[in-house]
S.K.: 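Structure provided below as C-alpha cells; questions to follow.
On a predicted model such as this, the values are computed, not experimentally measured, just so you know.
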Amino acid sequence: MAWIYIVEDDQNIREIESFALKNSGYNVMDFECAKDFYKKLADKVPQLILLDIMLPDEDGLEVVRKLRSMSETRKIPIILVTAKTTEIDKVKGLDIGADDYITKPFGVMELISRVKAVLRRSKGMDEDKVLSLADLYIDNEKHMVYIKEEPCDLTYKEYELLKLLLINTGIVMSRDIIMERIWGTDFEGESRTLDMHIKTLRQKLKEANVTIKTVRNVGYIME
C-alpha cells in the first residue's frame, strides 16, 4: 500500500489525518515541520504528500517549489491542506505544482476520497519520454520544453497543460476533463484559471507552428 507523508504542525489535525489514512490501509508518517520532513524524504520517497501551507519553519508553498524543482521529487503528488480560503491562495498553490487543495475544516471522507483520486491519477501517468509536434518538443524526463531547439520557460501547470494537449493532439479535450487531469478538484475560479493558462500558453508557443484552438462550449484542441 502507498506511503503517505503528512506535514502538519497542528497535532490534532495531524492525528486525525494519520488515523483516517491508516484505517484506510495506507502507510503513514507524519511531521510537524519541514525540517523533519526533508530529513526523512532523503531516506524514503512517498507516493503522496499532505502538506499544510502554514508551517512553523517554512512556507508550504516554498516546500512545493523545492519538491517540484528536484528530479527525484518532481512527480510526487501533493495535496495542500490549509485554512486559507481565498481564490488567489488556491490558484497560487495549484499553479506552482500542487495536485489538489483541501480547506480546513474538512471531513474524513472527503480527505480519503481526495487521496484516492490523486493516487489513481498518478498511477495512470504512463507517458512517453519525448513528445513533439511541428517546432515544439517536450523532453518529459528533463521536464523541458523546446521551440525550434530553444528552451521555452513554462510554469509547472503550463507544462502539464501543454503535455496533456500534446498527448491528445487532434482530439478535443473538454474543459471538465482538462480541469480533472491538471487541477484535480473543483474550486471557485476554475474556468478563469484554465482560460488564463491557455492564454499564456498561446503567447509562449507563438513561434512553434502549433495551434491551441477553442472549441466553443466544449474545450480545446491542439493542432
Side-chain angles (χ1 to χ4, degrees), residues 1-8 13-31 37 41 44-53 60-61 63-64 67-68 73-85 87 89-127 140 143 155-165 167-168 171 173-194 197 218-220:
M1 184 59 76
W3 273 96
I4 298 176
Y5 285 1
I6 298 171
V7 191
E8 167 65 64
I13 294 176
R14 195 166 67 245
E15 289 178 351
I16 290 172
E17 292 173 342
S18 180
F19 181 77
L21 291 168
K22 287 178 179 178
N23 272 359
S24 296
Y26 297 105
N27 299 304
V28 179
M29 275 197 161
D30 58 81
F31 312 89
F37 162 68
L41 191 64
K44 182 178 179 61
V45 175
Q47 279 71 55
L48 185 142
I49 298 167
L50 282 175
L51 176 64
D52 183 26
I53 286 184
L61 297 181
V63 175
V64 175
L67 294 174
R68 292 297 181 239
T73 58
R74 183 175 293 140
K75 294 185 178 181
I76 301 175
I78 301 171
I79 300 178
L80 293 177
V81 184
T82 178
K84 291 189 175 183
T85 57
E87 181 181 325
D89 289 321
K90 295 178 181 180
V91 171
K92 186 184 297 183
L94 294 169
D95 192 41
I96 64 173
D99 297 270
D100 202 348
Y101 195 109
I102 301 179
T103 303
K104 304 173 186 176
F106 55 85
V108 170
M109 295 302 294
E110 178 189 9
L111 171 67
I112 300 303
S113 177
R114 297 286 185 89
V115 166
K116 287 181 177 179
V118 170
L119 285 173
R120 190 164 55 244
R121 289 197 302 274
S122 67
K123 288 178 181 178
M125 292 182 181
D126 184 16
E127 302 157 339
N140 204 36
H143 210 262
T155 67
Y156 180 83
K157 289 299 181 185
E158 286 171 350
Y159 179 91
E160 294 298 312
L161 177 56
L162 173 61
K163 186 168 61 177
L164 176 64
L165 292 171
I167 289 172
N168 294 279
I171 300 173
M173 302 293 292
S174 72
R175 299 177 69 89
D176 289 343
I177 289 294
I178 293 173
M179 293 307 305
E180 171 64 22
R181 298 282 183 86
I182 305 302
W183 281 271
T185 61
D186 294 331
F187 70 93
E188 292 180 6
E190 262 189 357
S191 181
R192 293 190 299 277
T193 298
L194 174 56
H197 280 74
V218 180
Y220 298 95

S.K.: Supply the atom-to-atom distance His197 NE2 to Ile178 CD1, rounded to the nearest 0.5 angstrom.
M.R.: 12.0 Å

S.K.: With side chains defined as the heavy atoms from C-beta onward, is the minimum distance between Glu8 and Asp30 less than 4.5 Å?
M.R.: no

S.K.: What is the minimum heavy-atom distance between Pro77 and Gln47, and which atoms define it?
M.R.: CD-O, 3.0 Å

S.K.: Might you work through the salt bridge (charged side-chain N to carboxylate O under 4.0 Å, His left out) test for Asp95 and Arg68, ending with a clear yes or no?
M.R.: CA-CA 11 Å; Asp95 192 41; Arg68 292 297 181 239; over 6 Å; no

S.K.: Name all residues meeting the salt bridge (Lys or Arg N to Asp or Glu O under 4.0 Å) criterion together with Glu17; count only those two or more places apart in sequence or in a different chain, and write none if there are none.
M.R.: none

S.K.: Quick check: does any side chain N or O of Asp99 sit under 3.5 Å from a backbone N or O of Ile79, one acting as donor and the other as acceptor?
M.R.: no

S.K.: Holding to salt bridge (Lys or Arg N to Asp or Glu O under 4.0 Å), I want the full list of residues that pass it with Glu110, two or more places apart in sequence or in another chain.
M.R.: Arg114

S.K.: Check whether more than 12 heavy atoms from other residues, nucleotides or ligands sit under 6.0 Å from atom CZ of Phe19, and answer yes or no.
M.R.: no

S.K.: Does a side-chain heavy-atom distance below 4.5 Å link Pro46 with Leu41?
M.R.: yes

S.K.: Supply the atom-to-atom distance Ile4 CD1 to Met29 CE, rounded to the nearest 0.5 angstrom.
M.R.: 13.0 Å

S.K.: Passes side chain to side chain contact (heavy atoms under 4.5 Å, CB included), Ile112 versus Leu21? Steps please.
M.R.: CA-CA 7 Å; Ile112 300 303; Leu21 291 168; 3.7 Å; yes

S.K.: Can you tell which of Val7, Ile78, Val118, Leu111 makes a side-chain contact (heavy atoms from CB on, under 4.5 Å) with Leu50?
M.R.: Leu111

S.K.: Hey, could you give me the OG1/CD1 distance between Thr82 and Ile102, rounded to the nearest 0.5 Å?
M.R.: 11.5 Å

S.K.: Distance check, rounded to the nearest 0.5 Å: Ile177 atom CD1 versus Leu164 atom CG?
M.R.: 9.0 Å

S.K.: Between Arg14 and Asp52, is the closest basic N to carboxylate O distance under 4.0 Å?
M.R.: no

S.K.: Once ring pair (Phe, Tyr, Trp, His ring centres under 6.0 Å) is applied, do any residues pair with His143, and if so which ones, sequence neighbours excluded?
M.R.: Tyr156, Tyr159

